[in-house]
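Heads up: the structure comes next, in structure tokens.
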Amino acid sequence: MSAPSASGNPAPRVAVVVFPGSNCDEDAAIAARTILDADVKMVRYDERALGDPDLVILPGGFSYGDYLRSGAMARFSPVMESVAAFAAKGGAVLGICNGFQILCEAGLLPGAMLRNAGLRFVCKDVWLRVESKRTPFTLAINRGDVLRMPIAHGDGNWTADPSVFAEMKTRDQIVFRYVSPDGTQGGAANPNGSLDDVAGICNVEGNVVGLMPHPERAADPLLGGTDGARLFKSFATTRLAMQER
């Protein structure tokens with residue numbers, strides 16, 4: 001049983017997975033503690049016990065240096081067997097940037113990552129439109145809302161086989177798209193050339209979500225924005241609603 005949070009509700013347990021080369025793990029932990037009032041456990045890549053979490057976060061960074069291919073080596077880390085088992089039971093998993101790449105490499109999310117169009121590392125703020133409310137991280141956000149978050153990646157050009165992508169659209173698995181500040185899709189709004197401006201997706205069940213933008217870096221006014229905090233608050237709202245059933 002978790003200790004009560006400041007709100008009086010049981011504090012959520014959050015596992016943040018740390019791979020060799022992760023560099024956003026502490027940012028994710030701070031966001032979870034600050035926004036969710038969570039009991040956070042940092043879990044090494046070579047551990048197998050996640051600690052009975054309510055949420056698992058695969059943070060951004062450059063796991064294993066991304067020397068082979070982004071996420072390609074991390075997917076074989078012992079901890080990923082536990083992450084896959086947790087996801088299979090319906091547990092909430094959030095992959096951010098390199099975490100998104102790892103989830104694709106592990107087969108927990110469809111598609112694959114290519115080098116950015118233009119072959120340049122991109123680091124800047126982008127706007128993304130919420131396309132789906134069927135995940136715990138967007139259930140409390142309006143479909144069509146435009147959020148501003150930073151990106152920092154060289155391999156964020158998500159793609160998928162045409163038949164796979166058609167099936168994903170049918171199943172409402174496109175969670176975020178890159179757009180202009182007014183919510184218009186297309187053109188220069190897409191920073192990396194990803195298929196149909198996709199910025200984030202989910203699995204068929206909706207409990208595993210990956211996105212290239214960094215919500216944990218837009219979770220405090222001191223960071224220049226708070227739109228990323230809305231994903232964490234949505235998770236908190238969803239979790240509370242499930243506990244009250």
Side-chain angles (χ1 to χ4, degrees), residues 2-3 5-6 10-66 70-71 73-106 108-109 135-138 149-153 175 200 202-203 207-220 222-223 226 228-236 238-239:
S2 299
S5 66
R13 296 178 296 270
V14 176
V16 177
V17 179
V18 184
F19 299 96
S22 295
N23 60 17
C24 298
D25 45 317
E26 288 295 339
D27 303 287
I30 291 171
R33 292 190 184 103
T34 303
I35 302 168
L36 300 177
D37 199 16
D39 178 10
V40 177
K41 177 183 180 182
M42 310 302 282
V43 182
R44 282 171 50 103
Y45 65 100
D46 55 354
E47 294 185 71
R48 295 184 182 277
L50 294 174
D52 192 24
D54 300 295
L55 166 64
V56 173
I57 298 177
L58 273 60
F62 301 90
S63 56
Y64 296 88
D66 282 349
S70 296
M73 296 175 71
R75 65 156 295 192
F76 292 107
S77 296
V79 71
M80 288 305 297
E81 294 181 13
S82 301
V83 173
F86 177 73
K89 294 179 180 177
V93 178
L94 178 64
I96 302 169
C97 195
N98 192 227
F100 183 11
Q101 296 161 340
I102 295 168
L103 290 173
C104 289
E105 289 286 344
L108 295 177
L109 288 175
T135 85
F137 309 102
T138 54
M149 298 183 203
I151 56 170
H153 59 251
V175 183
C202 67
N203 62 347
N207 61 303
V208 179
V209 172
L211 76 166
M212 291 311 296
H214 286 262
E216 83 284 8
R217 295 184 185 175
D220 188 293
L222 291 175
L223 300 175
T226 58
R230 297 179 65 182
L231 274 64
F232 293 93
K233 291 177 180 176
S234 176
F235 170 77
T238 303
R239 175 176 173 271

Judged by atom type as modelled, is there a donor-acceptor pair below 3.5 Å linking the side chain of S234 to the main-chain atoms of R230?
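Flag not set: sc S234 to bb R230 has no pair under 3.5 Å.
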
Measure the [atom1]-[atom2] distance between [X] and [Y] for me, rounded to the nearest 0.5 Å.
| X | Y | atom1 | atom2 | value |
| --- | --- | --- | --- | --- |
| E216 | D25 | CD | CG | 10.0 Å |
| R217 | D27 | CZ | CG | 6.5 Å |
| F19 | Y45 | CZ | OH | 11.0 Å |
| F235 | T135 | CZ | OG1 | 11.0 Å |
| H153 | N98 | NE2 | CG | 11.5 Å |
| L55 | L36 | CG | CG | 7.0 Å |

For [X] and [Y], which heavy atoms make the closest approach, and how far apart are they?
| X | Y | value |
| --- | --- | --- |
| L103 | V209 | CD1-O, 3.8 Å |
| V17 | P59 | O-CD, 2.9 Å |
| L50 | A15 | O-CB, 3.7 Å |
| M80 | A106 | CE-CB, 4.0 Å |
| V208 | A87 | CG2-CB, 3.7 Å |
| E105 | S70 | CG-O, 3.5 Å |

P12 side chain reached by R239 side chain, heavy atoms, under 4.5 Å:
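Side chain of R239 against side chain of P12, heavy atoms only: contact under 4.5 Å found.
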
Run the side-chain contact (heavy atoms from CB on, under 4.5 Å) test against [X] and tell me which residues pass, sequence neighbours left out.
| X | answer |
| --- | --- |
| D220 | L222, L223 |
| P215 | I96, M149, L211, L231, F232 |
| F62 | N23, D66, F121 |

Is it the case that over 12 heavy atoms from other parts of the model lie below 6.0 angstrom from the NZ atom of K41?
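Counting other residues, nucleotides and ligands, NZ of K41 exceeds 12 neighbours.
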
Give the intermediate values and the outcome of side-chain contact (heavy atoms from CB on, under 4.5 Å) for residues H214 and C24.
CA-CA 9 Å; H214 286 262; C24 298; 3.7 Å; yes

Name the residue from V40, V43, V56 that meets the side-chain contact (heavy atoms from CB on, under 4.5 Å) definition with V16.
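Considering V40, V43, V56, a side-chain contact (heavy atoms from CB on, under 4.5 Å) with V16 is found only for V40.
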
Checking N203 now: which residues fulfil side-chain hydrogen bond (donor to acceptor under 3.5 Å, both in side chains) with it, not counting sequence neighbours?
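side-chain hydrogen bond (donor to acceptor under 3.5 Å, both in side chains) list for N203, sorted by chain: E205, N207.
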
For side-chain contact (heavy atoms from CB on, under 4.5 Å), just list the numbers for V14 and I57, CA-CA rounded to whole Å, side-chain angles, deciding distance to a tenth of an Å, and then say yes or no.
CA-CA 7 Å; V14 176; I57 298 177; 3.9 Å; yes

Summary of salt bridge (charged side-chain N to carboxylate O under 4.0 Å, His left out) pairs that have at least one residue in residues 75-103, sequence neighbours excluded:
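As it turns out, the salt bridge (charged side-chain N to carboxylate O under 4.0 Å, His left out) pairs with a partner in residues 75-103, which skip direct neighbours, are R48-E81.
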
With sequence neighbours excluded, what pairs up with E26 under the salt bridge (charged side-chain N to carboxylate O under 4.0 Å, His left out) test?
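None.
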
Looking only at side chains, do S77 and Y64 share a donor and an acceptor under 3.5 Å apart?
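Yes.
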
Before you tell me yes or no, could you show the steps for D52 and R13 under side-chain contact (heavy atoms from CB on, under 4.5 Å), namely the whole-Å CA-CA distance, both residues' side-chain angles and the distance that decides it to 0.1 Å?
CA-CA 7 Å; D52 192 24; R13 296 178 296 270; 3.4 Å; yes

Test side-chain contact (heavy atoms from CB on, under 4.5 Å) on V83 and L58; report intermediate values, then the result.
CA-CA 9 Å; V83 173; L58 273 60; 4.3 Å; yes

